[in-house]
Amino acid sequence: MTLRTFLRSMVAAAAGQVARAGGSDLPADFQPRIDYTPDLKFGHYATPAAMELAKVLKQNPRAIAEKLIAAIDVSAFEKVEIAGAGFINFTLNPAQIAATVTFDSVGKWLENCRKETAGEKVIFEYVSANPTGPMNIVSARAASVGDSITRVLRAAGHSVHREYYVNDYGNQVEKLGLSFAYRYLQKFTAIDLPEDCYQGEYIVLYLDRLIADGKISTEITLDAGKAASLNRDQWIADAAKYFAPLGIRSILHDQQTDLKNFRTEFDAFFSEATLHEQGRVLGIAEELKRRGKLRSEDGAQLFVSTEYGDDKDRVVVRSDGRPTYLLADIAYHADKVARGFQTIIDIWGPDHHGYIARLSGALKALGFGEHAGESFKVIIAQQVNLLENGQPVVMSKRLGKFQTMRDLIEKIPVDVCRYFFVTRGLSTHLDFDLTLALDQSKKNPVYYVQYANARIHSIFRECGQPPQGFATGELATAVAGHAERAALFYWLMRFPELLQDIARNYEIQRLPEYLYQTATLFTSFYHGKGNRIKDLLQENPSHAQVLLSLCNLTTQVLETGLELLGISAPREMHRDED
RNA sequence: GCGCACGUAGCUCAGUUGGAUAGAGCAGCAGCCUUCUAAGCUGCGGGUCAGGGGUUCGACUCCCUUCGUGCGCGCCA
């Protein structure tokens, strides 16, 4: 259990009792807030429950706080007191901590805390870059954040399916095939690349690879003579059709490689084309029609998204009978529902926020959200301004001159990239200065966290002690009266609570922040008077053992936390001499 | 024009479903290596939380409004 859960149930029981005595019932789902005190001198946890109850009971908060305390077994605590407008501050005693946190490894502790979570069946979609070119920096941001959130969701007890949607259907696929065809023809003939082709040089690189690998069929293969004599339009049409799936496959393959190198894992890559092939895209239009959510206009079918807060109704079937991208996306999300997911989360790029209303409207129209616990949430990953030497790097996909995710990984260590992306909330635009990231790499916060962990293992090495388990009761007793030890210990006790919070609000940036603070508190303990374990080993061996166990708890939290962020946790680090 | 975001220290950003005195890194200044790693530690300076109004015991947080920035407003994806 977490200490917070322990306190929450205690305060909830007291609040119920006080409310009943005051002649009113609390809402069935009333959960008192349990906050951290702003300073350990106020205690370990605090609750503003009396202020919340004051509204319901129409009584003075401090008077209610008195009654709440009377309903709690105060003798079990070190101290319970009322402060300010009516906060109740709790100072736990070691026996309570020993009884609540009873595990000798952080892994087992988290495993036990998972039982507090009503595990949801979650599908988390992120990155989903078009398979028509290399991934950009926003994809890298979404990859870091999405991957880390899903790891935390799992650690907190949810079942998570990680998915990547592949837009391998429609205009852009044809456009890609055409781009390959023209690039191939250009090798033998002077011909301009049409404007509606992908202009990037990467097409040529992929083409060269296909040629080198002997992947081009004899009907399409060109040589100088054939290029001069062929029916050009016919060849282009055939070649475009031939190259399209090959190009998609090659590009997707590279995207998967990049993601893997970025330590971003997916459980499935979902092909849009399969939905079309199975008739499920137009099928979902029928379903919407049955539900009275389509209307006709100029021969096209429109989804009445205005009923769900959209600016205007949106075309889902064109007048020529072809479905739009929106319809395919509706079918895709309907498929997620059909697969039994209750919580559907997408991370989208910055240019898609106008799209949320129509898609969530469509899900509502199809009945998703009518059952308790069903939710659809879109998180928008805002744009990244890439800077080099303080100057913006121009990113223009059209001109094919854009910074790719691969460039990023090649330039900057994955540990630094992932930490950097995940430290900022997704909803703000962020400046990423490549030069700065490299120049300051030695001072980068991620190294500070890793260094703290390496230091702990250095202690283990120096003391000749392999990491042992930890006994929380003994620790709580040993840290009492030592500012640095206590600050570190009670901070570590929050770890599972933090994961529970992130699993609820998806604010992943709180994890790196927490780990940084953990490193700071550890380092300050490390330098603190009387905390030098190597010396204590002779002077006071039992004391040394307890402090080693505090170190062990710290490293387990750091290593688990870094793992959740996909960042390595080296146990030995050495400075490069420059 | 309409819609959705964002605006916090010189710079980049945190700020727990509204909670006690608004924080960190970088940059700046002053100290600290016979020490389990100085990739470190200690201290200092730095803020009308874009402006104004409202809601309440309490607002960086919620509502309204003004200003600024970004994005979206296709029978493209």
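A note on names: the letters A, B, ... follow the listed sequences, proteins ahead of strands, and every chain is numbered from 1. What you are looking at is a predicted structure, and each value in this text was computed from that prediction instead of being measured.
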Checklist entry - Is the charged tip of A/R455 near the ring of A/Y526: under 6.0 Å from the six-membered ring centre and within 45° of its axis? => result yes

Next on the checklist: On the six-membered ring of A/Y514, is A/R494 placed so that its NZ or CZ lies under 6.0 angstrom from the centre and within 45° of the ring axis?
Outcome noted: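 Ring-cation test returns no.
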
Measure from the side-chain heavy atoms of [X] and tell me the nearest of [options].
{"X": "A/D501", "options": "B/U16, B/G72, B/C13", "value": "B/U16"}
{"X": "A/R33", "options": "B/G19, B/C41, B/A77", "value": "B/G19"}
{"X": "A/Q172", "options": "B/G72, B/U12, B/A77", "value": "B/A77"}
{"X": "A/Y526", "options": "B/C71, B/C75, B/C36", "value": "B/C36"}
{"X": "A/V315", "options": "B/C75, B/A77, B/G58", "value": "B/C75"}
{"X": "A/F42", "options": "B/U12, B/U21, B/G74", "value": "B/U21"}
{"X": "A/S427", "options": "B/C6, B/A77, B/C36", "value": "B/C6"}
{"X": "A/N171", "options": "B/C76, B/G25, B/C36", "value": "B/C76"}
{"X": "A/K312", "options": "B/C36, B/C73, B/C76", "value": "B/C73"}

Heavy atoms under 4.0 Å, any strand shown: does [X] hit a base, just sugar-phosphate, or nothing?
{"X": "A/I356", "result": "nothing"}
{"X": "A/Q382", "result": "sugar-phosphate"}
{"X": "A/S319", "result": "base"}
{"X": "A/H353", "result": "base"}
{"X": "A/N89", "result": "base"}
{"X": "A/A83", "result": "base"}
{"X": "A/G299", "result": "nothing"}
{"X": "A/K55", "result": "base"}
{"X": "A/Y516", "result": "sugar-phosphate"}
{"X": "A/R504", "result": "sugar-phosphate"}
{"X": "A/P61", "result": "nothing"}
{"X": "A/K41", "result": "base"}
{"X": "A/R455", "result": "sugar-phosphate"}
{"X": "A/D298", "result": "base"}

To the nearest Å, give me how far apart [atom1] ([X]) and [atom2] ([N]) are.
{"X": "A/H429", "N": "B/G7", "atom1": "NE2", "atom2": "P", "result": "10 Å"}
{"X": "A/D35", "N": "B/G15", "atom1": "CG", "atom2": "P", "result": "15 Å"}
{"X": "A/W348", "N": "B/C71", "atom1": "CH2", "atom2": "C1'", "result": "15 Å"}
{"X": "A/Q383", "N": "B/G72", "atom1": "CD", "atom2": "C1'", "result": "12 Å"}
{"X": "A/E52", "N": "B/G18", "atom1": "CD", "atom2": "C1'", "result": "10 Å"}
{"X": "A/F421", "N": "B/C13", "atom1": "CZ", "atom2": "C1'", "result": "14 Å"}
{"X": "A/R358", "N": "B/G3", "atom1": "CZ", "atom2": "C1'", "result": "11 Å"}
{"X": "A/D310", "N": "B/C2", "atom1": "CG", "atom2": "C1'", "result": "12 Å"}

Next on the checklist: Is there aromatic stacking of A/F87 on B/G19 here, judged by a ring-centre distance under 5.5 Å and a plane angle under 30°?
Outcome noted: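 Here the ring of A/F87 and the base of B/G19 are not stacked, as the 5.5 Å and 30° limits are not both satisfied.
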
Checklist entry - If each of A/T47 and A/R461 is mapped to the nucleotide of RNA chain B with the nearest heavy atom, which maps nearer the 5' terminus, i.e. the 5' end? => result A/T47

Checklist entry - Taking for each residue the nucleotide of RNA chain B bearing the nearest heavy atom, is the 5' side occupied by A/R571 or by A/R322? => result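 The residue whose closest nucleotide sits nearer the 5' end is A/R571.
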
Complement of [N], any strand, by Watson-Crick or G-U distances under 3.5 angstrom:
{"N": "B/C73", "answer": "B/G1"}
{"N": "B/U55", "answer": "none"}
{"N": "B/C67", "answer": "B/G7"}
{"N": "B/A24", "answer": "B/U12"}
{"N": "B/U48", "answer": "none"}
{"N": "B/C32", "answer": "B/G40"}

Checklist entry - Taking all atoms of both residues into account, what is the closest heavy-atom pair of A/R461 and A/E572, and its distance? => result NH2-CG, 3.6 Å

Going by distance alone, is a donor N or O of one side chain under 3.5 Å from an acceptor N or O of the other, for [X] and [Y]?
{"X": "A/T117", "Y": "A/H158", "result": "no"}
{"X": "A/H333", "Y": "A/D346", "result": "yes"}
{"X": "A/Y325", "Y": "A/Q172", "result": "no"}

Checklist entry - When you check the gap from the basic side-chain N to the acidic O, do A/E307 and A/K364 get nearer than 4.0 Å? => result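 The answer is no: the pair does not qualify as a salt bridge.
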
Item to check | Short N-O contact, A/D320 and A/R318, less than 4.0 angstrom | outcome: no

Does a nitrogen or oxygen in the side chain of [X] sit under 4.0 Å from OP1 or OP2 of [N]?
{"X": "A/Q509", "N": "B/U16", "value": "no"}
{"X": "A/Y448", "N": "B/C41", "value": "yes"}
{"X": "A/R318", "N": "B/G74", "value": "no"}
{"X": "A/R510", "N": "B/U16", "value": "no"}

Item to check | side chain to side chain donor-acceptor pair (under 3.5 Å) assessment of A/Q450 paired with A/Y419 | outcome: CA-CA 11 Å; A/Q450 290 179 326; A/Y419 189 89; over 6 Å; no

